[in-house]
Amino acid sequence: MKAVIYARYSCDRQNEQSIEGQLHECYAYAEKHGITVVKEYIDRALSGRSAEHRTAFQQMIRDSEKKGFDFVIVYKTDRFARNRYDSAIYKTKLKKNDVRVLYAKESIPDGPEGIILESLLEGMAEYYSAELSQKIKRGIHEIALKHKAYGGNRPFGYRIDSDKNFVIDEKEAEIVKKIFTDFADGKQAKDIAAELNDMGVKNARGTAWNKNNFFQIFHNEKYIGVYKLGNYRQEDAVPRIISDELWNRVQKLVKKHKQAPASSRQTEYLLTGKAYCGNCGTGLQGGYGTSKTGDRHYYYTCSARKRYKSCDFNPVTKEWLESTVVDITVKNILQDDVIDLIASRCEKISIAEHDNQSERNILQLQLSSVNKSLSNIMKAIEEGIITSTTKQRLNELEEQKAKLEFELTELEIVQPLLSKKQIVYMLTRFKADEDIQLTEEYRKDLIECFVNSVYVYDDKLIVTYNLLQKEKAELFSIEQALNSSTLILNGGQSETKVELRYYNYTLLMCLMLQKHKK
C-alpha cells in the first residue's frame, strides 16, 4: 500500500517545527500500519478555510488521478479542510480515484459511526475556525486603521515599502492601465494574457499570465484608491491607478460575462458515488439530454449501459431520485429513536478516541512562564530600569506570547469530547422545516452524512445508511437480506411499502415502487 502525506500550517508566525511535527507523526502512522510513503505535499503559511488556494493540496488532488497512491495521510481532520463543503468535495474526488484519507492523530473507526463522527468533527473544525478567525480579526483591524499591507501577496501595480505602505510601481501601473483599457474596449481576457506573455511581462507571482489572473485584478478596488481588509473599507486610502470611469466600464462587462454562462454551469449530482444499478451493481453516473425546446433534462444512468451497452437499466430523472432519497430519509431516519441510537454509538467512540491533553499542557506551561517573565519585565520598567536590552526582551516575550496563544487556540480544533446530548443536538439540526429541506445545501449535507448507498431497480429502491457499516453495502448482501424470512415486502399494484430491517449490522430500507417515475 502506498500513501502521500499532506501537511500545512496556517500562519507565518508559526515556526517550521509545526510542519516537521506533522510529518513526524504521519511517517510514524505509516510505519505502524505498513504503508509506504511515496511523496510529501506541503502548504506553508496558508489558511485551511478554503482549499481552492492551496497549491500543494490542489496538485495532490490532480496527482491522485494517476493512481500512484492509495491513501492521503494528514495529521488531523482540520489539516485537510476546515469547512465541510471543501472536505466533502475533495474527498469525493479522491474517492473516485480510489484514494482514502487517513488521520495520524485522530482515529476514525471503520464502523459507519465513523462517517457520522467524521462529519461532526468537520463541523466542529469549521466552528472553531470561525471562532479563531474572529480573534485574528481584532489584530487585523488595527492594521486596517493604518492602511498597511497585510499578508505576503501584493497587488500587481504596487510595491510595499519597509513601513508596509502601498506604493505605485510605475512600470507595472502602466500594464494595469493597459489591461483595464483593452478589456473595456472589447478585447478578450485570453488575448490580453497572450499579448502580455509575448511582451515578456510576468504577473505578480512572477509567472506567465492566463485569463484567470484578471479576475482578481478586475475586482480589486485598490486600483481606484480603496483600502479593504476584513469588514474595514476606506476610500482614498491607497494611491489610485485607474479612473472611476474606466473602472465602471470594466465592472459592467465583468457582470455581463458572469451572467452569460450561467445556464451552462455544471450541475451537481448529489448521489454520485452512492447510487448503483440494481441490475448489475455498477455505479450510476449523471447525464443530461436536450429536448426540442432547448430545455435540459438531467438524469442518472448505469455506467455499464452507457459505456458498454451491457445493461438494460432505464435511466431515472435526477430530481426524482434525489428527492425520493431525501424524503424517505427524513421520514424514516430522522426519528428520535434512530437519532438516539446514532448518538449513543458516536458518544462511545468519542470517549474512546479523545486525544490526551499533553500538548496543551506543555503550551500552557510555556505561556505561564512567558507571562511570569513579562510581569518581571514590567516591574523593572516601573522601577525605572529601562535599557535597549529590556526593550528587546519585552518585544521577544510579547511575540512569543502571541504565538503560544495562537497555537493554544488552534489546539481547540482537535477531536473534541462529544457528549450524547451534543451529538443529538447536532443531528437534530437535520429536522428542518419543509422550506429548508428543499434547498440544495440541506439535501447535500443530509445525503453526505447519512446515506451509505442506493440501489435502483425497475420496481424498487434499496437504501442503506451509515449506522453500522462504513464501506458500501454490496449487492449480494442486500439480495440475501431481501430473500431472508426476516424481511417481508408487501408492495402491491398501487401501494408503496417501506420496510426497515437490521441485516448484518446494516440498516436497510427497501422502498417498493410501481415503476420508475420519469
Side-chain angles (χ1 to χ4, degrees), residues 51-52 61-62 64-65 81 83-101 115 119 122 261-291 294-330 333 430 436-458 460-466 471-473 475 478 509 511 513 516-518:
E52 181 181 355
I61 298 297
R62 290 192 293 271
S64 70
E65 298 175 1
N83 69 73
R84 285 166 292 176
Y85 176 80
D86 279 353
S87 180
I89 290 297
Y90 290 106
K91 283 182 183 176
T92 298
K93 289 183 179 181
L94 291 173
K95 184 178 179 181
K96 288 180 180 178
N97 298 325
D98 299 318
V99 177
R100 180 182 169 191
V101 180
I115 292 180
S119 178
E122 288 165 354
S263 59
S264 62
R265 290 175 189 163
Q266 186 175 0
T267 298
E268 184 172 6
Y269 293 82
L270 304 183
L271 289 170
T272 298
K274 294 178 181 286
Y276 299 89
C277 173
N279 296 338
C280 66
T282 305
L284 300 186
Q285 67 181 73
Y288 68 87
T290 305
S291 66
D295 295 330
R296 283 189 176 183
H297 301 279
Y298 300 92
Y299 57 82
Y300 285 93
T301 188
C302 175
S303 299
R305 169 179 172 142
K306 188 170 184 178
R307 295 179 184 177
Y308 311 114
K309 312 297 182 185
S310 60
C311 181
D312 58 359
F313 177 87
N314 293 317
V316 293
T317 61
K318 172 184 180 296
E319 176 60 30
W320 174 81
L321 182 58
E322 292 175 356
S323 296
T324 301
V325 171
V326 169
D327 185 53
I328 61 179
T329 300
V330 170
I333 302 302
F430 286 103
I436 294 178
Q437 290 177 17
L438 293 174
T439 64
E440 193 80 352
E441 183 179 0
Y442 173 86
R443 288 149 59 102
K444 183 192 303 181
D445 287 346
L446 185 78
I447 290 172
E448 182 67 30
C449 185
F450 290 102
V451 177
N452 177 292
S453 59
V454 180
Y455 282 88
V456 185
Y457 297 78
D458 283 338
K460 61 181 176 285
L461 288 181
I462 298 176
V463 186
T464 62
Y465 290 93
N466 295 320
E471 299 301 326
K472 173 174 72 74
L475 186 58
I478 293 174
M509 179 165 62
L511 175 67
L513 308 169
H516 279 158
K517 302 173 184 177
K518 299 296 182 66

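Note that the structure is predicted; figures quoted are calculated from it, not measured.
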What pair of heavy atoms forms the shortest contact from [X] to [Y], and how long is it?
X	Y	value
Cys280	Ala304	SG-CB, 4.2 Å
Tyr455	Gly278	CD2-CA, 4.5 Å
Lys91	Val101	CG-CG2, 4.2 Å

* **Test item: Lys274 side-chain N/O and Val451 main-chain N/O as donor-acceptor pair under 3.5 Å** =>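 Yes, the answer is positive, given that a donor and an acceptor are paired below the 3.5 Å cut-off.
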* Asked: Distance-only, no hydrogens or angles: does the Ser303 side chain make a donor-acceptor pair with backbone N or O of Gly283 under 3.5 Å?
  ->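 Checked: pair present.
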How far does [atom1] of [X] sit from [atom2] of [Y], to the nearest 0.5 angstrom?
X	Y	atom1	atom2	result
Asp98	Glu65	CG	CD	12.5 Å
Tyr298	Thr317	OH	OG1	13.5 Å
Leu271	Leu284	CG	CG	8.5 Å
Tyr299	Gln285	OH	CD	8.5 Å
Glu322	Asp327	CD	CG	13.5 Å

* **Side chain to side chain, Thr329 and Ile447, heavy atoms closer than 4.5 Å** =>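 Heavy-atom side-chain distance check fails, nothing below 4.5 Å.
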* Taking only Lys NZ, Arg NE, NH1 and NH2, and the carboxylate oxygens of Asp or Glu, determine whether Glu448 and Lys95 approach each other closer than 4.0 Å. =>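 No.
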* Asked: Between Glu440 and Lys444, does at least one N-O distance fall below 4.0 Å, as a salt bridge requires?
  ->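 Salt bridge absent between Glu440 and Lys444.
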* Asked: Taking only residues two or more places apart in sequence or in another chain, which ones pass ring pair (Phe, Tyr, Trp, His ring centres under 6.0 Å) with Tyr269?
  ->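 Result, ring pair (Phe, Tyr, Trp, His ring centres under 6.0 Å) vs Tyr269: Tyr300.
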* **Arg305 charged N/C atom sitting above Phe313 aromatic ring, 6.0 Å / 45°** =>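 No, Arg305 and Phe313 do not form such a contact.
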* Verdict with supporting geometry, Val456 and Cys277, side-chain contact (heavy atoms from CB on, under 4.5 Å) -> CA-CA 5 Å; Val456 185; Cys277 173; over 6 Å; no
* What residues form a side chain to side chain contact (heavy atoms under 4.5 Å, CB included) with Asp312, not counting sequence neighbours? ->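 Asp312 satisfies side chain to side chain contact (heavy atoms under 4.5 Å, CB included) with Asn279 once adjacent residues are dropped.
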* So Arg443 and Ser323, side-chain contact (heavy atoms from CB on, under 4.5 Å) or not? Walk me through it. -> CA-CA 8 Å; Arg443 288 149 59 102; Ser323 296; 3.2 Å; yes
